[in-house]
Peer 1: 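For reference, the structure I am asking about is given below.
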Amino acid sequence: MNEKWDKRYKDQEFAYGKEPNVFFKEWLSRFEPGSILMPADGEGRNGVFAAQLGWKVTSFDLSIKGQSKAVQLAKDNHVTLEYIVGDLEQLEFKRETFDAIGLVYAHFSAEKKSVFHKKLNDYLKEGGIIILEAFSKNHIYHNKLNPKVGGPKDIDMLYSKEEIITDFKNYEIVLLEEEEILLDEGKYHIGKGSVIRFVARKLGSNH
């Protein structure tokens, strides 16, 4: 899998652009900066944006090429982030380490999706927030019409609102919606797509 992403990120051009995801940008700006974990942060556009707002950023992804571009992008913007190359399965943080988790098009294989979500939930502090935007199951239709819009071609890697509710049970939902949007992110997210958008706050164990 990392070969696929190394290949995608090896060009000088940024695969998904240098600007942060619009939804992530809008929502992260509403919260007080703390520590944030950015799984599947690719070339760092979202992690670098978070760092510019004053967040202490830990990014990770499978691609060493993505890492070097993210580190350079951070440098160009006079910020720093910690960027770990590896698989979520190998990654270990202490429980309740982060104030926020940003999941921007972090698509995992069907059998790992819920397991990973549970792991990420463990890393989030009580009262911490999750901001997620990912392709919905209905996106399959848009991808067939226009492959340039990107996204997994395996429907099980795509999201439904029901899955989100199941995987993030102990959360106060601030926003959960499925929307059709026009994407304009680099050269791999172009055109109309169907996405799930989710913002929620982790509740204490007594809820």
Peer 1: Would you say Asp41's side chain and Gly47's backbone share a donor-acceptor pair under 3.5 angstrom?
Peer 2: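 Checked: pair present.
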
Peer 1: State, yes or no, whether a side-chain contact exists between Ile36 and Asp99 at a heavy-atom distance under 4.5 Å.
Peer 2: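 Side chain of Ile36 against side chain of Asp99, heavy atoms only: no contact under 4.5 Å found.
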
Peer 1: Checking Lys202 against Ile130 for the side chain to side chain contact (heavy atoms under 4.5 Å, CB included) test, could you report, in this order, the C-alpha distance in whole Å, the side-chain angles of both residues, the deciding distance, and whether it holds?
Peer 2: CA-CA 8 Å; Lys202 185 176 174 180; Ile130 280 186; over 6 Å; no

Peer 1: Drop me the distance from Phe108's CZ to Leu103's CG, to the nearest 0.5 angstrom.
Peer 2: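 Interatomic distance, Phe108 CZ to Leu103 CG, rounded to 0.5 Å: 6.0 Å.
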
Peer 1: For residues Phe198 and Tyr159, establish whether the separation of their ring centroids is below 6.0 Å.
Peer 2: no

Peer 1: Looking at Arg95, is its backbone amide N or carbonyl O close enough to the side chain of Asp122 to form a donor-acceptor pair, meaning the two atoms are under 3.5 Å apart?
Peer 2: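 Not at all, since once roles are kept as given, no pair shorter than 3.5 Å links the two residues.
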
Peer 1: Quick check: closest heavy atoms across Ala51 and Val57, and the distance to 0.1 Å?
Peer 2: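 Taking Ala51 first and Val57 second, the nearest heavy atoms are N-CG2, 3.6 Å.
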
Peer 1: Please give me the minimum heavy-atom distance between Leu73 and Lys18, naming the atom from each residue.
Peer 2: CD1-CD, 3.8 Å

Peer 1: With rounding to the nearest 0.5 angstrom, report the NE2 to CG distance, His107 to Leu158.
Peer 2: 6.0 Å

Peer 1: Would you say the side-chain atoms of Lys153 pair up with the backbone N or O of Asn143, donor to acceptor, closer than 3.5 Å?
Peer 2: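 No; zero donor-acceptor contacts below 3.5 Å.
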
Peer 1: Taking only residues two or more places apart in sequence, or in another chain, which ones meet Glu179 in a salt bridge (Lys or Arg N to Asp or Glu O under 4.0 Å)?
Peer 2: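 Here the qualifying residues are Arg197.
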
Peer 1: When rounded to the nearest 0.5 angstrom, what is the spacing between OG in Ser136 and CD in Glu177?
Peer 2: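 Reported to 0.5 Å precision, the distance equals 12.0 Å.
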
Peer 1: Same cluster for Tyr141 and Ile155 if Ile/Leu/Val/Met/Phe/Trp/Tyr side chains link at under 4.5 Å?
Peer 2: no

Peer 1: Let's go through Asn77 and Phe49 carefully: what are the C-alpha distance in whole Å and the side-chain angles of both, what is the deciding distance for side chain to side chain contact (heavy atoms under 4.5 Å, CB included) to 0.1 Å, and is it a yes or a no?
Peer 2: CA-CA 9 Å; Asn77 285 281; Phe49 170 73; over 6 Å; no

Peer 1: Can any side-chain N or O of Gln67 pair as donor or acceptor with the backbone N or O of Tyr83 at less than 3.5 Å?
Peer 2: yes

Peer 1: For Pro39 and Gly102, which heavy atoms make the closest approach, and how far apart are they?
Peer 2: CD-O, 3.3 Å

Peer 1: For Leu81 and Trp55, what are the C-alpha separation, side-chain angles and deciding distance, and is it a side chain to side chain contact (heavy atoms under 4.5 Å, CB included)?
Peer 2: CA-CA 9 Å; Leu81 47 76; Trp55 289 82; over 6 Å; no

Peer 1: If you compare all heavy atoms of Val104 against all heavy atoms of Asn21, which two are closest, and at what distance to 0.1 Å?
Peer 2: CG1-CB, 3.6 Å

Peer 1: Please say whether more than 12 non-hydrogen atoms of neighbouring residues, nucleotides or ligands are located less than 6.0 Å from NZ in Lys25.
Peer 2: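 No - once you tally the heavy atoms of other residues, nucleotides and ligands closer than 6.0 Å, there are 12 at most.
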
Peer 1: Looking at CD1 of Ile190 and CG of Asn146, how far apart are the two atoms once the value is rounded to the nearest 0.5 Å?
Peer 2: 8.5 Å

Peer 1: Any heavy-atom pair between the side chains of Val195 and Phe23 that's under 4.5 Å?
Peer 2: no

Peer 1: How many angstroms lie between CG in Asn46 and CD in Glu133, if you round to the nearest 0.5 Å?
Peer 2: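 Here the interatomic distance stands at 9.5 Å.
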
Peer 1: Please give the remaining members of the hydrophobic cluster of Val71, linking ILVMFWY side chains under 4.5 Å, ordered by chain and number.
Peer 2: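 Besides Val71, the hydrophobic cluster comprises nothing; the residue is isolated.
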
Peer 1: Taking the side chain as everything from C-beta on, heavy atoms only, tell me whether Phe60 gets closer than 4.5 Å to Leu37.
Peer 2: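 Yes, their side chains come closer than 4.5 Å.
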
Peer 1: With a sphere of 6.0 Å drawn around CD of Glu19, does it hold more than 12 non-hydrogen atoms of other residues, nucleotides or ligands?
Peer 2: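 Counting other residues, nucleotides and ligands, CD of Glu19 stays at 12 neighbours or fewer.
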
Peer 1: Where does the angle between the aromatic ring planes of Tyr105 and Phe135 fall among parallel (under 30°), tilted (30 to 60°) and perpendicular (over 60°)?
Peer 2: tilted

Peer 1: Quick one: do Phe168 and Ile173 satisfy side chain to side chain contact (heavy atoms under 4.5 Å, CB included)? Show the steps, please.
Peer 2: CA-CA 9 Å; Phe168 298 102; Ile173 295 173; over 6 Å; no

Peer 1: With a cut-off of 6.0 Å (strictly less than), are more than 12 heavy atoms of other residues, nucleotides or ligands near NZ of Lys137?
Peer 2: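 Counting neighbours around NZ of Lys137, more than 12 heavy atoms of other residues, nucleotides or ligands fall under 6.0 Å, so yes.
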
Peer 1: If I take atom CD1 from residue Ile129 and atom CD1 from residue Ile101, how far apart are they, to the nearest 0.5 angstrom?
Peer 2: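 It comes to 10.0 Å.
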
Peer 1: For Lys161, enumerate each residue passing the side chain to side chain contact (heavy atoms under 4.5 Å, CB included) test, keeping only those at least two apart in sequence or located in another chain.
Peer 2: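 Partners of Lys161 under the side chain to side chain contact (heavy atoms under 4.5 Å, CB included) test: Leu176, Ile196.
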
Peer 1: Can you tell whether the side chains of Lys119 and Glu92 come within less than 4.0 Å, N to carboxylate O?
Peer 2: yes

Peer 1: Is the His139 ring parallel, tilted or perpendicular to the His142 ring (thresholds 30°, 60°)?
Peer 2: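 Rings of His139 and His142: tilted, as their planes differ by 30° to 60°.
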
Peer 1: Asp61 and Gly42: which non-hydrogen atoms are nearest, and at how many Å?
Peer 2: OD2-N, 2.6 Å

Peer 1: Do Leu132 and Val22 belong together in a cluster built from hydrophobic side chains that touch within less than 4.5 Å?
Peer 2: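 No, Leu132 does not connect to Val22 through the hydrophobic network.
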
Peer 1: Are any non-hydrogen side-chain atoms of Val199 and Phe31 less than 4.5 angstrom apart?
Peer 2: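 The answer is yes; the side chains approach within 4.5 Å.
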
Peer 1: Could you tell me whether the side chains of Ser194 and Asn138 share a donor-acceptor contact shorter than 3.5 Å?
Peer 2: no

